2 protein chains.
Amino acid sequence: MTEEMLDALDRAGVRLTGPRRKLAALIERREGHFTAADLLKDAGRRRMGIGRATVFRLLELLSEQGLVERIDLPDGTHAYIPCEPTHHHHLVCLNCGATTDVDDCGIEAVTREAARRSGFKIEQHRLELFGRCPDCRSAN
Amino acid sequence: MTEEMLDALDRAGVRLTGPRRKLAALIERREGHFTAADLLKDAGRRRMGIGRATVFRLLELLSEQGLVERIDLPDGTHAYIPCEPTHHHHLVCLNCGATTDVDDCGIEAVTREAARRSGFKIEQHRLELFGRCPDCRSAN
DNA sequence: GGATCTCTTGATACCTAGTCTCATGGTTCC
DNA sequence: GGAACCATGAGACTAGGTATCAAGAGATCC
Ligand SMILES: [Mn+2]
Ligand SMILES: [Mn+2]
Ligand SMILES: [Zn+2]
Ligand SMILES: [Zn+2]
């Protein structure tokens, strides 16, 4: 996945610098969703001397490339999750923070129906699902 | 709608004070989504002497009662929209900010399918639709 | 009406997440 | 190597929100 991120940055025409490589590796080691602060703390613990702005800058780049997405958790906080550039919906475990991508599963039909009823022309949609992941369910 | 908000506050067992009544009236006059800062500016222009914290406090109360919902706009900013306590999805005009409530339109089936595929037990979902409202469409 | 108790208020300080600016330092290209 | 161009970290700044607190309503009891 680090590879994937670096490739995407390369294709985006930006430089593959040290800080970007290190941060990409840190993102790979993360499990579930994380905040920019989490990442910065990871970097700080390893004495990487990476600035806060650099973290936000990389997250923005990755998010433009669709490899990371910012989500709004039910408790009102924000988090980032790594994801594939092709799928756009997420399932988030409220217990451990694990996330999975799900494809549209019929959402297109729902938006078409909503468009018909409301008269809106729908250009974007966002669906976020929250619950318990298989591990957390079996761990009772 | 002001009536509805005041009733809800009453039922919630909090006091119907001057600042709360005034803010409820200001919310009613708003069109589309608004920020806490918008509301505070409205109050300021009318020399209502209402504090910033009071605005956030009321928005939180109303949001607990389901009469207002906080949404995350695609540009990353936050806004509040007035809504009915029974419906949970919103259509937001990217041009003028107008919002409408839509009911589930088949979302339940989508979440069931996502649960089946992922093994998650889904407890909450959030769907936000963005586009152009009928007015903005016809205004070219 | 007054005494009292509780809730609410506005001011202010504080906080988290994110952006902007800028001087410095690496990279790329010739 | 040198010039041009990014990218960097530090630090100031912003938006949106929360915590604290002394003072001011509002409700309750008499
Ligand atoms: Mn995804
Ligand atoms: Mn719903
Ligand atoms: Zn889990
Ligand atoms: Zn519109």
Side-chain angles (χ1 to χ4, degrees), chain A residues 5-6 8-24 26-27 30 33-65 68-81, chain B residues 5-6 8-27 30 33-65 68-81 97:
Chain A
M5 290 190 271
L6 298 180
L9 293 176
D10 197 26
R11 275 193 309 276
V14 301
R15 293 181 182 160
L16 287 171
T17 63
R20 286 177 180 161
R21 288 170 194 278
K22 290 179 200 156
L23 284 174
L26 290 179
I27 290 174
R30 283 254 140 220
H33 52 71
F34 58 89
T35 62
D38 288 335
L39 219 49
L40 188 65
K41 222 184 313 166
D42 287 355
R45 262 196 300 272
R46 291 159 206 232
R47 308 265 181 284
M48 286 175 171
I50 288 177
R52 213 167 73 96
T54 302
V55 172
F56 283 102
R57 288 191 279 236
L58 180 65
L59 288 171
E60 195 186 348
L61 278 171
L62 292 175
S63 132
E64 281 163 9
Q65 302 307 309
V68 127
E69 196 167 313
R70 183 162 60 173
I71 62 167
D72 215 34
L73 298 176
D75 68 5
T77 61
H78 280 173
Y80 295 85
I81 58 187
Chain B
M5 290 190 271
L6 298 180
L9 292 176
D10 198 27
R11 276 193 309 274
V14 301
R15 291 183 185 161
L16 287 170
T17 63
R20 285 177 179 160
R21 289 169 193 277
K22 290 179 199 158
L23 284 174
L26 290 178
I27 291 175
R30 283 253 140 219
H33 53 70
F34 58 89
T35 62
D38 288 334
L39 218 51
L40 188 64
K41 222 184 314 168
D42 288 355
R45 261 195 300 271
R46 288 156 209 236
R47 310 265 182 283
M48 286 175 171
I50 288 177
R52 211 166 75 98
T54 302
V55 172
F56 282 103
R57 288 190 279 236
L58 179 65
L59 288 172
E60 194 185 350
L61 278 171
L62 292 175
S63 134
E64 281 162 9
Q65 303 307 310
V68 126
E69 195 167 312
R70 182 161 60 174
I71 61 165
D72 214 35
L73 298 176
D75 69 5
T77 61
H78 281 173
Y80 295 85
I81 59 189

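Throughout, a chain's letter reflects where its sequence line sits, starting with A, and its residues are numbered from 1. As the structure is a computational prediction, the values presented were derived from the model and not from experiment. Only heavy atoms go into these numbers, but all of them, side chains included; no hydrogens, no water, no symmetry mates.
- Side-chain contact between B:Arg20 and B:Leu61: present, with at least one pair of heavy atoms (C-beta onward) separated by less than 4.5 Å.
- The distance from atom CZ of A:Arg47 to atom C1' of D:dG9 is 17 Å, rounded to the nearest whole Å.
- Nucleic acid contact for B:Gly76: none, since no nucleic acid atom lies under 4.0 Å from a heavy atom of the residue.
- Rounded to whole Å, atom C1' of C:dA11 lies 20 Å from atom CE of B:Met48.
- Toward the 5′ end of DNA chain D lies the nearest nucleotide of A:Gly18, the other residue of the pair B:Pro19 and A:Gly18 mapping further downstream.
- Going from atom CG of A:Leu73 over to atom C1' of C:dA17 covers 13 Å, rounded to whole Å.
- Put simply, the side chain of A:Leu39 reaches to within 4.5 Å of the side chain of A:Leu59, judged on heavy atoms.
- We find that CG of A:Leu39 is positioned 17 Å from P of C:dT16, with the value rounded to whole Å.
- Sorted by first and then second residue, the side chain to side chain donor-acceptor pair (under 3.5 Å) pairs involving residues 45-60 of chain B (not counting sequence neighbours) are B:Asp42-B:Arg45.
- B:Gly76 approaches A:Arg70 most closely through the heavy-atom pair CA-NH2, 3.7 Å.
- Between B:Leu6 atom CG and C:dT8 atom P there is a gap of 14 Å when expressed in whole angstrom units.
- Two residues are said to be in side-chain contact when any heavy atoms from C-beta on lie closer than 4.5 Å; B:Val68 and B:Met5 fail this criterion.
- For A:Glu60 and C:dC20, the CD to P distance is 9 Å, given to the nearest whole Å.
- For the pair A:Met48 and A:Leu23, the minimum side-chain heavy-atom distance is 4.5 Å or more.
- Proximity of B:Tyr80 to B:Leu62: side-chain heavy atoms (C-beta onward) are nowhere separated by under 4.5 Å.
- By the salt bridge (charged side-chain N to carboxylate O under 4.0 Å, His left out) test, B:Arg11 pairs with no residue at all, sequence neighbours left out.
- Phosphate proximity of D:dT8 to A:Thr17: present, with a side-chain N or O under 4.0 Å from OP1 or OP2.
- Across all strands shown, B:Leu16 has no heavy atoms under 4.0 Å from either base or sugar-phosphate atoms.
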When you compare the protein's N or O atoms with those of nucleotides 20-22 of chain D, which come within less than 3.5 Å of each other, and at what distance?
none

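- For the helix from C:dG1-D:dC30 to C:dC30-D:dG1, the end axes, each set by the C1' atoms of five terminal pairs, are bent relative to each other by 30° (nearest 10°).
- A:Asp75 has its CG atom 14 Å from the P atom of C:dT16, to the nearest Å.
- Contacts of B:Thr35 classified as side chain to side chain donor-acceptor pair (under 3.5 Å), with partners at least two apart in sequence or in another chain: B:Asp38.
- For the pair B:Leu40 CG and D:dT18 C1', the computed distance is 15 Å after rounding to whole Å.
- Closest to the side chain of A:Arg15, from the set D:dA7, C:dG10, C:dT9, is D:dA7.
- Going from atom NE2 of A:His33 over to atom CD1 of A:Ile81 covers 8.0 Å, rounded to the nearest 0.5 Å.
- B:His78 and A:His78 have their aromatic ring centers within a separation under 6.0 angstrom.
- No side-chain heavy atom of A:Arg15 sits under 4.5 Å from any side-chain heavy atom of A:Leu9.
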All N/O contacts under 3.5 Å from nucleotides 14-17 of chain D to the protein, with atom names and distances to one decimal?
unit_1 : atom_1 : unit_2  : atom_2 : d
D:dG17 : OP1    : B:Arg70 : NH1    : 2.6
D:dG17 : OP1    : B:His78 : ND1    : 3.4
D:dG17 : OP1    : B:Tyr80 : OH     : 3.3
D:dG17 : OP2    : B:Tyr80 : OH     : 3.2
D:dG17 : N7     : B:Arg52 : NH1    : 3.2
D:dG17 : N7     : B:Arg52 : NH2    : 2.4
D:dG17 : O6     : B:Arg52 : NH2    : 2.6

